[in-house]
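Quick note on labels: first sequence line is chain A, next is B, and so on, each numbered from 1.
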Amino acid sequence: MKSYEHKSIEKKWTKQWEKDVLYKTSDKAKGKDNYYLLVEFPYPSGNLHVGHWYAFAVPDILARFRRMQGKNVLYPIGFDAFGLPAENAAIKNKLNPRKWTLGNIEYMKKQIRSMGTSFDWSREVVTCDPAYYRWTQWLFLQFFKAGLVYRKETAVNWCPKDKTVLANEQVVDGKCERCDSEVVQKQMLQWNIKITDYAERLINDLDALDWPKEIKESQKNWIGRSEGAEIDFPLSIDSGVKRFVLLHGREATPQDNFWPWIKAELESKGYEVQIPTLPNTNEPNDKEQADYVEKHCTLDESTAIIGHSFGGIVALRLLERGHKVQRVTLVSAPVSGKFLDTKVRASVTAAAKKGFDYKKIQKAAKGFVVMYDTTDKIVPVSDAQTLAKELDCILIPGKGSEVHFTGKREPDVLMASIPTIRVFTTRPDTLFGGTFLVLAPEHPWVKLALAHKTVLKNNDEVQQYVNQASKKKEIERLAAGREKTGVELKGVKAVNPTTGKEIPVWVADFAIATFGTGALFGDAHDERDVEFATKYGIPLKETVEPLVVRTTGLDAVREGEPFAERNSVMAFVQHWSEDKYMAVKYKPVDVRGCVSGGMNEGEDAVAAGKREIAEETGYANAKLVRKLGGTIHSKYFSDNRKKNTFAHFTPMLFKLEDATQVDIAPDEKNRHEVSWLSEKEMTAFINHEDWRIAWDRLQGRPYTGKGILYDSAEFSEMTSEEAIPLTGAKFGRMTKTYKLRDWIVSRQRYWGVPIPMIHCAKCGTVPVPDKELPVKLPEVKDYLPEGSGKSPLAKAKKWVNVKCPKCKGKAERETDTLDTFVDSSWYFLRYTDPKNSKQFAASGKQESWMPVDLYSGGAEHTTMHVLYSRFWHKALFDLGLVKEPEPYTRRMNRSLILGPDGQKMSKSRGNVIDPDEVVGRLGADTVRMYLAFIGPYNEVSSFPWNPDSVVGVRRFLERVWKAQEYAGKTDNAGLENLLHKTIKKVGEDIGAMKFNTAISALMIFQNALEKEKTLGKSQWERFLQLLAPFAPHIAEELWAESGQKKSVHKTLWPEYDVSMLKSEFITVAIQINGKTRGEAEVAADADKEMVEKAAREAVASRLEGKKILRTIVVPGRLVNFVIEE
RNA sequence: GCCGGAGUGGCGGAAUGGUAUACGCGCGCGACUCAAAAUCGCGUCUCGAAAGGGAUGAGGGUUCGAGUCCCUCCUCCGGCACCA
């Protein structure tokens, strides 16, 4: 017999299968259900590593098995071909990134084919292929048209030496990876996609998915929903503003837009509001409207003006005429006469083009604020920039709730116009104890105050702090440890809306600008707040008394029984001479803490404490050190009085003056165990939450849990749970906020999908018309950054300069490219219809396969790719472009293959396993099977590659090979039983992705076969079928050797007969008191009595003279005799 | 700190609440061989001469019976991290 030569066998069958187009998948197959198995497509880095094998070859076992089960299986592959490595290689070696990438793809395809995977290559998808990215662009434009895409100033990593934007992974320890110079933050206009609009659905829809818990939890945490309230704290700076004059824009009236809302808001805060109905609003004239305002409104030094759009021009005209006012807010005021919207009429342009006497205007008001809407499609940003520069004032980018601030509510406008700080809190129940405000250094109001210069008494100090905070950003904020820093805004106080009291306002970098509203109120029930307040001597006020309900253990509250209220004391006792505390264990219910007990009628807490100390422990001379804060409420079951108790504890600290003892009643002595412990030991000793709260207070730690309110007006005596919605609604509104930020998709890179947008001076940002897609990547000479922060695409001047699709005037293309996560957010849809040139995927084709049945990939993509693609799919669903709201029915994360040393494989460690080398030596079948055998595939873990263990799998295949000598000849009835069991086990385990135990079952059969050395042809062939998904080449070879003409991979999975799974006799275990003490062989169909009888005989000697209290018989398993010890 | 996952032989790991350590590796002994490799056979948690006993990170609980369920703690891995 020939020896097992994997090389020739594998080569032969790879070729044959390709010739037979064995794995081409049609969209529908008669009588077969479709099954879509997806693995993450690789980045074409140029070389296949063991991780790729683990990712592709192991799920291939499942793909093959499902096919043998009679399913029509789609198992596709492609390449995620855009990205930074190609560009880096291009710069470094002066290559064309396309050639580099395509070359790598060719090479990797050969390697992937060597795995024996059953991929349908006819459906290959490559993201850098214009036929693919045309649809990436098209889908992006659909999002744009649906209002999901906007541009926003965002900080990017900037290397001042290379003059380029850096990706996060190119920043190492705050330095540029290439030139080692310090990376700074630079504000740039970036394309964003509104994933935050979907935050709620991305969390809620997880519930219905059959995904591993850890993946769901990760995504939930990443999205980071917090439920709470937004509350406005008015600032009591003496700005001198008593009156607001509101000037509306063109084609508007005081009843339109946000005017009614803002009027009500201002009036509710005690301001007088004047809002004239300006004349000729359709064709407005600035002079005429200014005249009208002069006649109908009061303009003096206690007046503030808010001018929106054309109203802004009117405001400027009024100041030009010499009216002196306190403050002016200019909102989206058009001052250049250039518009993004061509519909704006000549009258506005004319008014703006007259120009303004900015010098005079600047003197006419004490302060200006200029605001623009980052999503504005009418007035260009440059107008706001001009204004801010000319008036030397603060410029605030805002976000309109409707474009150009035309929504019913425009909070950003209000915020810029009146001094109010909106905070977010999850604990509005602690609002009465809010004793200070903290603003993030980037908070718009801080900018505003600094720009006014006169608002803050310590302007320079605050400015310095803000500058410093922006410089240190992520890098130093982390390195600087957790020491909190901040500066008080002097000259400003906020008013706590619950009490009307003035509280200080601070700026501190522990407040995060991008979370909630960028501002918070500090109180005594938050660890961070307390730490900060303590450091800076800010007063604190507690308003929540702890409430603990014991729900586990012997003293857990008895459901449904009434509570007896009780005033009690909790007394910690210090040793008279040592630095130790008295630890008291109340033995009946294992409560470990301190002395405690109820107060007697007319007794005060201190006296009760002293009395209890004496009664429980005998120590006679205890002296009060201090009370440990306010009452601690506790609900528990009293072992002593046998009823539910609602106790109100006064926690105290005593110190013994000496060791004097008095007699203790015997029953007290029995119940209490006293020892002396150090502070650290005491912390570990205490085992009840209420005791721990008092102990924490003793050590100066605040109470941060929920409880019962006090000193909180009508909310006093409510629980936190009751008070949260009520206080939230009364002083603000209940809302949700998320940690998730919008998705910044702009990349200043060459090797990506060009963003299909055109910038026109006249028409603004215009999408490229569908018929001009794809916008192909231009050829450029080199791939170095352009130098101004733009991507290398900006160098292709001919490509950049285009005609505006709208006005046909001069325009420029967008030069940023899309984040590669955009490419991978929909590739699985393209697999369903990869060649379609009319649509990204025809809906009929999608329906054949979507949603994906199982998606296997790396854990590192849990909160990136998987979340992005879920969002993308939901957006497509809302646009009616896909039929299902979730793309993946099941998702599973793959484990990691480590080097033989148990470390992550890396060239520098020298522990990299080269799969090509191992395949050459041992064969693809061995490598596939070893990886499947290494550990359970359905759990996330990490497995070291063991070079010895691989050989074990090879040995197994060799033994199978040798078995053909004697197998396939004479039927072996004795093995038929085991064969059926194996068929069942292997099938079930593959379905559960437990390939390791499936292989173990195959090995067990093989071991049995070697003992017997006979096996019938049908038996042998069924065994080969079981082997086929794991080791497709050798199984096919042996299958053919056995005389079969059709491929084993086209056959149906063998059936097992349930009746064959049972054997005639079974062994039952015999236990005595639950410990295994013997076994007995009984007939499989023996009834309970017979089994028990057999068992009794088997362990007769042990049962002799013992009384059997109980006998448990588990049919087919065991007998347990419970006897007297 | 918070959220998740996991702790079982020398190693990877197996075990619907029912005989813990399947399968594989490694190791030991033996067969074959002049010898080695390969291959095959036997053995391999631990204490004990044996009879027996003890072990699934530690401690407690529920149960006739716990690696598996519950509580407390410890360790490791992954994620998030001053998130109000």
For the side chain of [X], counting heavy atoms from C-beta on, which of [options] is nearest?
X	options	value
Ser949(A)	rG13(B), rG24(B), rA15(B)	rG24(B)
Phe933(A)	rC82(B), rG24(B), rG18(B)	rG24(B)
Arg959(A)	rG65(B), rG24(B), rA84(B)	rG24(B)
Lys484(A)	rC82(B), rG26(B), rG18(B)	rC82(B)
Leu520(A)	rU39(B), rG18(B), rA84(B)	rA84(B)
Glu214(A)	rG5(B), rG18(B), rC25(B)	rG5(B)
Asn996(A)	rA14(B), rA84(B), rU19(B)	rA14(B)
Lys994(A)	rA20(B), rU16(B), rA15(B)	rA15(B)
Ala511(A)	rC82(B), rU16(B), rA84(B)	rA84(B)
Ile512(A)	rC82(B), rC64(B), rG13(B)	rC82(B)

Whole angstrom is fine here: how far is it from [atom1] in [X] over to [atom2] in [N]?
X	N	atom1	atom2	answer
Arg741(A)	rA81(B)	CZ	P	12 Å
Leu896(A)	rG78(B)	CG	P	10 Å
His688(A)	rC73(B)	NE2	P	13 Å
Tyr738(A)	rA81(B)	OH	C1'	21 Å
Asp989(A)	rA22(B)	CG	C1'	12 Å
Glu939(A)	rG4(B)	CD	C1'	14 Å
Leu931(A)	rG13(B)	CG	P	14 Å
Asn221(A)	rC80(B)	CG	C1'	7 Å

Of Ile1070(A) and Lys1075(A), the one whose nearest nucleotide on RNA chain B sits closer to the 5' end is Ile1070(A)

Per nearest nucleotide of RNA chain B, the residue lying toward the 5' end, Thr514(A) or Pro944(A), is Pro944(A)

Could you tell me whether the phosphate oxygens of [N], OP1 or OP2, come under 4.0 Å of any side-chain nitrogen or oxygen in [X]?
X	N	answer
Arg955(A)	rC25(B)	yes
Asn1007(A)	rG24(B)	yes
Arg1077(A)	rA51(B)	no
Lys213(A)	rG5(B)	yes
Thr863(A)	rG79(B)	no
Lys739(A)	rC3(B)	no
Ser942(A)	rG12(B)	no

For Leu1002(A) and Met929(A) the tightest heavy-atom approach is CD1-CE, 4.2 Å

Between Asn911(A) and Gln903(A), the two heavy atoms sitting closest are ND2-O, 3.4 Å

Paired with Trp506(A), the ring pair (Phe, Tyr, Trp, His ring centres under 6.0 Å) test is passed by just one of Phe436(A), Tyr465(A), Tyr536(A), Phe521(A), namely Tyr536(A)

Using 30° and 60° as the class boundaries, would you call the ring planes of Trp743(A) and Tyr868(A) parallel, tilted or perpendicular? parallel

Just name whichever nucleotide pairs with [N], Watson-Crick or G-U, keeping both distances under 3.5 Å, else none.
N	result
rG4(B)	rC77(B)
rU68(B)	none
rC42(B)	rG28(B)

message: For Thr196(A) and Asp742(A), which I'm curious about, is there any donor-acceptor pair between the side chains at under 3.5 Å?
response: yes

Problem set entry | Modelled atom types, side-chain donor and acceptor of Asp523(A) and Thr543(A), under 3.5 Å | no

Can you tell me how far P in rA58(B) sits from the matching atom in rU68(B), rounded to whole Å?
-> 11 Å

Regarding rG18(B), can its base be found pairing with the side chain of Gln1071(A) as donor and acceptor, where the two atoms are less than 3.5 Å apart?
yes

- What about Asn1120(A), does its side chain sit under 3.5 Å from the base of rC64(B) through a donor-acceptor pair? yes

Distance-only donor-acceptor hits, side chain of residues 933-951 of chain A, under 3.5 Å, sequence neighbours excluded:
| residue | atom | partner | partner atom | Å |
| --- | --- | --- | --- | --- |
| Tyr937(A) | OH | Tyr54(A) | O | 2.8 |
| Asn946(A) | OD1 | Asp948(A) | N | 2.9 |
| Asn946(A) | OD1 | Ser949(A) | N | 3.4 |

Expected label for rG30(B) (glycosidic angle, syn inside 90° of 0, else anti) would be anti

